[in-house]
Amino acid sequence: MAQTDGLAFNIGAFTSTLFLLEFGADKFITHTAAVASRIGVSELIISLLTAGAEWEELAVVVASLAQGRSSLAMGNVIGAAISNILGAFSLGLLCCEKGKTVEFDRSSQIYSLLTLALTTAVAPAIYFSTRITWLVCGPLLVVAFGFYFVLIAVAIGRGVLTAPEDSDASDEDGDEDEAEDDDARSMASSRGLLANSPGTSVRAHPHRDRHRLAYHSLYLAFGFLAICLAGYVISQAAMNIIDRLGISDILFSVIIIAIATTLPEKFVAVVSGYRGHPGILVANCAGSNIFLLSLCCGIIMIDTKGDLDGGNVAVSELVVLWASTAAFTATVWFGAGFPRWIGGFMIVCYIAFIVLEFTVIHGVAD
């Protein structure tokens, strides 16, 4: 009975803490954008840091590594990357207007190619988890993330690419500022930008600006602490559930944690597809996976040096990751005329993948 109660408690803690994680990520990103705009940081930099960046996933990865469950961290990264495509991108396609051709612009095509190239390079490195391989690849991936950040920033600055668009659609914080000041800047959502509209004159109110800066800085710190706490609780609860049920770290993280932590991406995809914003749909998916497979994977490789505590992801999971990324890229380049059919096919593939994870890939062995 005590074991059953303990399992129920950990499941409840895992589920409820997801709300804290998403709340913290929302506040952290929103108020980071607000603080940056008030201290004069480029909107371009903020757009790259907020659109598609998986800060909540990074929190879970770091917390898992800190507690010695590196397999949980790696499984979460791979599972989230698969879920972003087969779970989120597919939902966005399904929600597109029936009979309407989806037009993906040049920037979307370039982002999708970058995602495919990174996945093609990283998948073999993840599978061959030797000390030498990961000691070399880990730092390279972290550096690659920084290089990607700078390269995209320069390309956008020169007009070659367009900046990743806002992800969510909420004006809560903008409404608060509007109540304080008639000429306050319009606030985008939890993953958007806060900036003056072009050509809009803004009266200077130093006292109010200082007040707002302190206000947003406080919420930024609060959001960061919420992310850290949630990451720790989720990883600890996940470990307790895994130990009590006797299942694989990889299985639980690839399916359960990945689906749970990518719920915001699925919501963004549905809204983007329904409202006819394919650029947001692609940026949400591509930006998230580039963040996961470069920065998050790099941190795991540097920390573990090829020695995962509970085993590495299976080759079949990496094949699914690469195949789904290839399908994502092909859709952006050639499949604009059949979005709903492609989305439905991807959903079916994701359901099949989940079933195979429990029954074949990990079910038989574990």
Side-chain angles (χ1 to χ4, degrees), residues 33 42-54 81 84-120 145 147-169 186 188-193 195 197-198 264-294 324-346:
S42 170
E43 297 173 12
L44 171 62
I45 303 301
I46 300 304
S47 71
L48 292 174
L49 285 174
T50 57
E54 295 275 12
N84 281 334
I85 297 174
L86 297 183
F89 182 70
S90 60
L91 286 174
L93 294 178
L94 273 175
C95 292
C96 292
E97 185 177 345
K98 187 176 181 179
K100 183 178 180 180
T101 300
V102 178
E103 296 182 1
F104 295 106
D105 60 15
R106 182 184 178 187
S107 295
S108 297
Q109 294 174 339
I110 292 175
Y111 286 130
S112 67
L113 276 180
L114 285 174
T115 307
L116 179 60
L118 178 63
T119 305
T120 303
F145 175 76
F147 182 71
Y148 153 80
F149 181 87
V150 173
L151 180 65
I152 296 297
V154 172
I156 293 172
R158 292 181 176 178
V160 178
L161 295 175
T162 56
E165 302 180 65
D166 306 338
S167 295
D168 296 345
S186 60
S189 68
S190 62
R191 295 180 190 270
L193 305 177
S197 299
E265 280 68 33
K266 294 177 176 63
F267 173 75
V268 170
V270 168
V271 174
S272 301
Y274 178 76
R275 295 184 178 178
H277 297 295
I280 298 177
L281 183 61
V282 173
N284 179 53
C285 180
S288 296
N289 280 18
I290 290 173
F291 187 93
L292 287 167
L293 296 178
S294 56
S324 60
T325 307
F328 163 69
T329 304
T331 300
V332 174
W333 279 81
F334 309 111
F338 312 95
R340 294 169 65 89
W341 285 99
I342 295 173
F345 178 72
M346 284 184 171

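On a predicted model such as this, the values are computed, not experimentally measured, just so you know.
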Side-chain touch V332/Y111, heavy atoms, less than 4.5 angstrom: no
Side chain proximity check, I85 to T115, heavy atoms < 4.5 angstrom: no
Student check: side-chain heavy atoms of S108 and D105 closer than 4.5 Å: yes
Distance-minimising heavy-atom pair for L94 and R340: O-NH1, 3.0 Å
Atom of A269, atom of A88 and distance for their closest heavy-atom approach: CB-O, 3.0 Å
Minimal non-hydrogen separation, F328 against V282, with atom names: CZ-CG1, 3.9 Å
Side chain to side chain, N84 and F89, heavy atoms closer than 4.5 Å: no
Contact summary for V102 and P278, nearest pair of heavy atoms: CG1-CB, 3.5 Å
From L93 atom CG to L281 atom CG, the distance as rounded to the nearest 0.5 Å: 5.5 Å
Separation between CZ of F345 and OG1 of T331, rounded to the nearest 0.5 Å: 10.0 Å
Atom pair CE/OG of M346 and S324 - distance to nearest 0.5 Å: 7.5 Å
CG-OG1 distance between N289 and T119, expressed to the nearest 0.5 angstrom: 6.5 Å
Interatomic distance, T329 atom OG1 to I110 atom CD1 [nearest 0.5 angstrom]: 12.5 Å
Considering all heavy atoms, the nearest G87-S90 contact: O-OG, 3.4 Å
